[in-house]
A.B. asks: 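Just passing along the structure, written as structure tokens.
For reference, positions follow the sequence shown, starting with 1.
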Amino acid sequence: QVQLVESGGGLVQAGGSLRLSCAASGSISSINTMGWYRQTPGKQRELVAYINSSGRTIYSDSVKGRFTISRDNRKNTVYLQMNSLNPEDTGVYYCNAVGGRFSPNWGQGTQVTVSS
């Protein structure tokens, strides 16, 4: 079973950028679709971006045009480049598979805080 560890979060001012990484303990090449989820206090965890094995990407409306998801199967890592951050992007970001390989066991996530 693949274990995922998120990193790269931090405190950033509005308009700034961050790059999140999701490092897997095992191969992710067999996982068709990987995604990034965001947990905002008082709201459900939201899938903000995902990428399939062919490199096709899908984004939620709230992050489209600002975030870019990518994956490097050779490094067993998924990335999320976040630009033009705003305070509404604040939350804990998690990675996980999307669809059939989704795991109910969430990692620690990485905190992103965007100040006004």
Side-chain angles (χ1 to χ4, degrees):
Q1 191 67 260
V2 175
Q3 292 181 313
L4 304 172
V5 179
E6 302 91 345
S7 63
L11 176 63
V12 64
Q13 196 167 5
S17 298
L18 287 171
R19 192 189 194 201
L20 308 183
S21 296
C22 172
S25 62
S27 175
I28 63 169
S29 61
S30 64
I31 303 176
N32 183 49
T33 308
M34 293 291 298
W36 282 95
Y37 301 75
R38 178 171 65 199
Q39 178 68 61
T40 301
K43 295 184 177 181
Q44 291 183 323
R45 204 185 315 252
E46 173 191 19
L47 178 62
V48 299
Y50 57 92
I51 182 170
N52 71 8
S53 59
S54 299
R56 179 178 175 84
T57 58
I58 300 292
Y59 302 91
S60 68
D61 289 340
S62 64
V63 309
K64 190 178 300 181
R66 300 186 297 117
F67 290 11
T68 302
I69 187 172
S70 61
R71 65 191 293 172
D72 188 337
N73 290 343
R74 293 167 297 179
K75 296 181 178 179
N76 295 316
T77 303
V78 184
Y79 304 95
L80 185 67
Q81 178 66 47
M82 306 187 297
N83 299 324
S84 301
L85 287 163
N86 61 67
E88 293 184 343
D89 295 318
T90 293
V92 181
Y93 286 72
Y94 304 85
C95 63
N96 207 333
V98 177
R101 299 292 298 277
F102 172 82
S103 174
N105 300 315
W106 296 94
Q108 295 297 311
T110 184
Q111 176 72 48
V112 172
T113 303
V114 185
S115 62
S116 303

A.B. asks: Linking I/L/V/M/F/W/Y whenever their side-chain heavy atoms sit closer than 4.5 Å, directly or via other members, would Trp106 and Val5 fall into one cluster?
C.D. replies: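 No, separate clusters.
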A.B. asks: If you draw the axis of the six-membered ring of Tyr79, does the NZ or CZ of Arg71 fall within 45° of it and under 6.0 Å from the ring centre?
C.D. replies: no
A.B. asks: Distance check, rounded to the nearest 0.5 Å: Ser7 atom OG versus Gln108 atom CD?
C.D. replies: 12.5 Å
A.B. asks: Strictly by disulfide bond (SG atoms under 2.5 Å apart), give each pair with a member in residues 9-116 just once, sequence neighbours left out.
C.D. replies: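 Only Cys22-Cys95 qualify under disulfide bond (SG atoms under 2.5 Å apart).
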A.B. asks: Kindly indicate whether the side chain of Leu85, heavy atoms from C-beta on, has any atom under 4.5 Å from the side chain of Phe67.
C.D. replies: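 In short, these two side chains touch, coming nearer than 4.5 Å.
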A.B. asks: Looking only at heavy atoms, what is the nearest atom pair of Leu80 and Ala49, with distance?
C.D. replies: CD1-CB, 4.2 Å
A.B. asks: Is Tyr59 close to Ile69 at the side-chain level, that is, under 4.5 Å between some pair of heavy atoms?
C.D. replies: yes
A.B. asks: If every non-hydrogen atom of Ala97 is compared with every non-hydrogen atom of Ile31, which pair is closest and at what distance?
C.D. replies: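 Smallest interatomic distance, heavy atoms only, reads CB-CG2, 3.7 Å.
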A.B. asks: Would a 4.5 Å heavy-atom cut-off, applied to side chains only, mark Thr113 and Val12 as touching?
C.D. replies: no
A.B. asks: Would you confirm whether Thr68, through its side chain, and Gln81, through its main-chain N or O, come within 3.5 Å as a donor-acceptor pair?
C.D. replies: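 Checked: no pair found.
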A.B. asks: Please report the interatomic distance CD1(Ile28) to CG(Asn73), rounded to the nearest 0.5 Å.
C.D. replies: 4.5 Å
A.B. asks: The test is side chain to side chain contact (heavy atoms under 4.5 Å, CB included); show your working for Val92 and Thr110 and say whether it passes.
C.D. replies: CA-CA 5 Å; Val92 181; Thr110 184; over 6 Å; no
A.B. asks: For a quick check under 3.5 Å, do Ser53 and Asn32 share a side-chain donor-acceptor pair by atom type?
C.D. replies: yes
A.B. asks: Could you tell me which non-hydrogen atom of Gly8 sits nearest to which non-hydrogen atom of Leu18, and how far apart they are?
C.D. replies: O-CD2, 3.8 Å
A.B. asks: Determine whether the side chains of Asn96 and Ser103 contain a donor N or O and an acceptor N or O closer than 3.5 Å.
C.D. replies: no
A.B. asks: Tell me the closest heavy-atom pair linking Pro87 and Ser116, and the distance in Å.
C.D. replies: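 In terms of heavy atoms, the two residues are closest at CG-OG, 3.5 Å.
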A.B. asks: Please say yes or no: joined through hydrophobic side-chain contacts below 4.5 Å, possibly via intermediate residues, are Met34 and Ile58 part of one cluster?
C.D. replies: no
A.B. asks: Any side-chain heavy-atom pair from Asn86 and Arg66 closer than 4.5 angstrom?
C.D. replies: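 Counting from C-beta outward, Asn86 and Arg66 do come under 4.5 Å.
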A.B. asks: Does CD belonging to Gln111 count more than 12 external heavy atoms closer than 6.0 Å?
C.D. replies: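 More than 12 heavy atoms, drawn from other residues, nucleotides or ligands, come within 6.0 Å of this atom.
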A.B. asks: Quick one: closest heavy-atom pair of Val2 and Ser25, and the distance?
C.D. replies: C-OG, 4.0 Å
A.B. asks: Mind checking the CD-OH spacing from Glu6 to Tyr94? Nearest 0.5 Å is all I need.
C.D. replies: 8.0 Å
A.B. asks: Going by the side-chain hydrogen bond (donor to acceptor under 3.5 Å, both in side chains) test, which pairs reach into residues 33-42, not counting sequence neighbours?
C.D. replies: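 The answer is Arg38-Glu46, Arg38-Ser62, Arg38-Asp89, Arg38-Tyr93.
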A.B. asks: Between Met82 and Val112, is any pair of side-chain heavy atoms under 4.5 Å apart?
C.D. replies: yes
A.B. asks: Kindly work out whether a path of hydrophobic side-chain contacts (I/L/V/M/F/W/Y, heavy atoms less than 4.5 Å apart) joins Leu47 to Phe102.
C.D. replies: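 Same cluster.
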A.B. asks: Would you mind reporting whether Ser29 and Arg74 have side-chain heavy atoms less than 4.5 Å apart?
C.D. replies: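 When only atoms from C-beta onward are counted, Ser29 and Arg74 do not touch, as no gap falls below 4.5 Å.
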